[in-house]
Amino acid sequence: MKVLKNILVYGLSAAAVIVSLAALTRLVEPKYDGGEYPLEGNFTSEYYEETLDHDVLMIGDCEVYENFDPIYLWQNYGITSYIRGNAQQLTWQSYYMLEDALKYEKPKVVIYNVQALTHKKPQREEYNRMTLDGMKWSKTKWDAIQASMCPGEKTIEYIFPLLRYHSRITSLGEEDLTYYMEPRHVTCNGYYMRIDVLPASQAGMETTDWIKASYPGEIEETVEETPEDGTEADAEAWNDEIEDPWADVDIGEEAEDLDRVQTYTTEDKGKPFGNLPMEYLDRIRKLCEENEIRLILIKAPSLSPQWYDSQEKQVVDYAEKYNLPYINFYKLISETGIDYETDTYDGGLHMNYSGAKKLSEWLGNELKTKYEIRDHRVDKKYAEVYREKVNWQQELIKAQEAELELYGEVRNY
């Protein structure tokens, strides 16, 4: 009897310790509310809130999650889609996002944006954390961590985040309590929406020149020169890097420069994509083949970094070798109606809501006519769920409009 009592006491004590550590871990973990830690850190976990399957799954970096709107695809084509993308999501991370998603559903089409092929190795810890921390634990997450860690990172700190974030206990804020139980929801089926406008001509950088040279006829009007009173703040809109809350951490060997600010050059500076990204592109292709999923490669029409002819050739050659469709949206700027003066919120790096609707219109028609994706709007089960999604997006639009009117800018979204 005494032995059983001791076992019970020890068991309850161990359970109390585990619960306490779990509660403390959640308290000190970044809440990604858009303040000290960016909203992008919530993208991965939001996928697990989905209750219905998707016919189309998009994977990639910001060139996907800021440029295409699954809600538009639903409203205008009845296409069910989701974007599993993250800031600086590398090719191997996209592979594991797809592998993870296939545990829950099997889409008919997977769309992969090829920009990340230019990154040959892991980049920065903060991007890894935003992408991987929100994944549910499985062998897939374990493999994704091993493939992604930068020098100086430790697997144990992914398994036990308390070891990584314990120092935040002295700097907790209101957001740590507000979003303690549930993270802030920020995307529309993985789409990060912004309605504000920052024209390319006001970004303080050379912009559309290289597109005019590489794709003549796609952009007709000449973008204005950099304003004389242009400031560093203007140019910062071009910087794809986020503020670095992990800056005090020694992560060893310096990562590749992620700054997407780039001056136009007539010299082709494209490099071979490298073994690692091409290996994982192959794995994405084979995983799609094994599951009878149609893989489509795309390149979004971002102004920076410059997309060189040699990079384009590598993608074209790969697509032709494996009979994959490849859509280069630089060649469709005129057809889609993209205007870098009205359709971008950050000087041409990403589309705003206006630009995303234009790209989504073209993509929706392509999916409907060439891939026979079913229109689910007649399905009551889907219609009910997407009615709530549409309403939530409209509320988000109104909230951003209110901030624009009050502050002259979008601050909290």
Side-chain angles (χ1 to χ4, degrees), residues 32-35 38-43 46 58 60-77 79 81-83 85-87 113 183-205 207-208 223 233-240 242-243 260 300-304 329 332-333 336-364 386-413:
Y32 297 110
D33 70 318
L39 295 172
E40 287 88 338
N42 290 325
F43 291 178
E46 287 186 6
M58 306 182 208
D61 56 14
C62 54
E63 292 198 3
V64 177
Y65 72 72
E66 297 203 60
N67 292 345
F68 299 93
D69 179 14
I71 305 304
Y72 184 94
L73 292 176
W74 165 261
Q75 288 181 291
N76 293 273
Y77 292 97
I79 293 173
S81 61
Y82 199 95
I83 302 172
N86 286 275
N113 188 76
R184 178 179 175 182
H185 188 92
V186 295
T187 75
C188 305
N189 275 36
Y191 165 53
Y192 176 57
M193 183 181 70
R194 289 283 293 268
I195 68 168
D196 44 334
V197 180
L198 176 62
S201 61
Q202 296 179 19
M205 297 292 295
T207 54
T208 58
V223 176
D234 294 325
E236 284 177 3
W238 279 80
N239 197 328
D240 194 43
I242 57 171
E243 292 185 6
R260 296 177 61 138
S302 299
L303 290 186
S304 181
F329 279 95
L332 299 169
I333 292 173
T336 57
I338 290 296
D339 184 341
Y340 290 104
E341 295 299 285
T342 61
D343 295 331
T344 171
Y345 77 90
D346 56 3
L349 281 179
H350 313 102
M351 298 296 104
N352 58 19
Y353 185 45
S354 171
K357 288 192 292 183
K358 292 178 180 180
L359 295 182
S360 299
E361 169 61 29
W362 192 96
L363 180 61
Y386 275 85
R387 187 180 302 111
E388 295 182 5
K389 292 176 179 289
V390 170
N391 289 340
W392 189 83
Q393 186 182 66
Q394 291 303 310
E395 292 175 3
L396 187 58
I397 291 172
K398 291 178 182 177
Q400 291 192 19
E401 288 175 340
E403 286 199 339
L404 282 173
E405 184 175 354
L406 181 62
Y407 305 116
E409 62 182 355
V410 174
R411 292 187 175 181
N412 298 305
Y413 300 92

Mind checking the CG-OG1 spacing from Leu363 to Thr336? Nearest 0.5 Å is all I need. 11.5 Å
Start with the C-alpha distance between Tyr72 and Gln393, add both sets of side-chain angles, then the distance that settles side-chain contact (heavy atoms from CB on, under 4.5 Å), and finish with yes or no. CA-CA 10 Å; Tyr72 184 94; Gln393 186 182 66; over 6 Å; no
In Å and rounded to the nearest 0.5 Å, what is the CG to CH2 distance from Leu332 to Trp362? 5.0 Å
Whether the side chain of Asn42 engages the backbone of Tyr32 through a donor-acceptor N/O pair (distance < 3.5 Å, no angle test) should be reported. yes
Shortest non-hydrogen contact between Asn86 and Tyr65, atoms and distance: C-CE2, 3.3 Å
Rounded to the nearest 0.5 Å, how far apart are CD of Gln394 and CD of Glu401? 8.5 Å
Would a distance-only check, ignoring hydrogens and angles, find a side-chain to backbone donor-acceptor pair under 3.5 Å from Ser302 to Leu349? yes
Look only at the side chain of Lys358 and the backbone of Gly337, and say whether a donor-acceptor pair between them is shorter than 3.5 Å. yes
Donor on one side chain, acceptor on other, Glu341 and Ser201, under 3.5 Å: yes
For Pro301 and Phe329, which heavy atoms make the closest approach, and how far apart are they? CD-CB, 3.6 Å
Please report, to 0.1 Å, the donor-acceptor pairs under 3.5 Å made by any side chain of residues 184-196, with sequence neighbours excluded.
residue	atom	partner	partner atom	Å
Arg184	NH1	Asp33	O	2.8
Arg184	NH1	Asn412	O	3.2
Arg184	NH2	Asn412	O	2.5
His185	ND1	Glu49	OE1	3.1
His185	NE2	Thr187	O	2.9
Thr187	OG1	Glu46	OE1	2.5
Thr187	OG1	Gly190	N	3.0
Asn189	OD1	Lys389	NZ	2.8
Asn189	ND2	Ser81	O	2.9
Asn189	ND2	Tyr386	OH	3.3
Tyr192	OH	Tyr413	O	2.8
Arg194	NE	Asp196	OD1	3.0
Arg194	NH2	Asp196	OD2	2.7

Strictly distance-based, threshold 3.5 Å: is any side-chain N or O of Glu403 a donor or acceptor partner for the main-chain N or O of Arg411? yes
Are the side chain of Thr344 and the backbone of His350 linked by a donor-acceptor contact shorter than 3.5 Å? yes
Nearest heavy atoms of Ser354 and Asp343, plus distance in Å: OG-OD1, 2.6 Å
Considering residues at least two apart in sequence or located in another chain, which fulfil the salt bridge (Lys or Arg N to Asp or Glu O under 4.0 Å) criterion with Lys357? none
Value for CG (Leu359) from CD1 (Ile333), rounded to nearest 0.5 Å, stands at 9.5 Å
Check Asn67 against Met351 and note the closest heavy-atom contact, atom names and distance. OD1-N, 2.9 Å
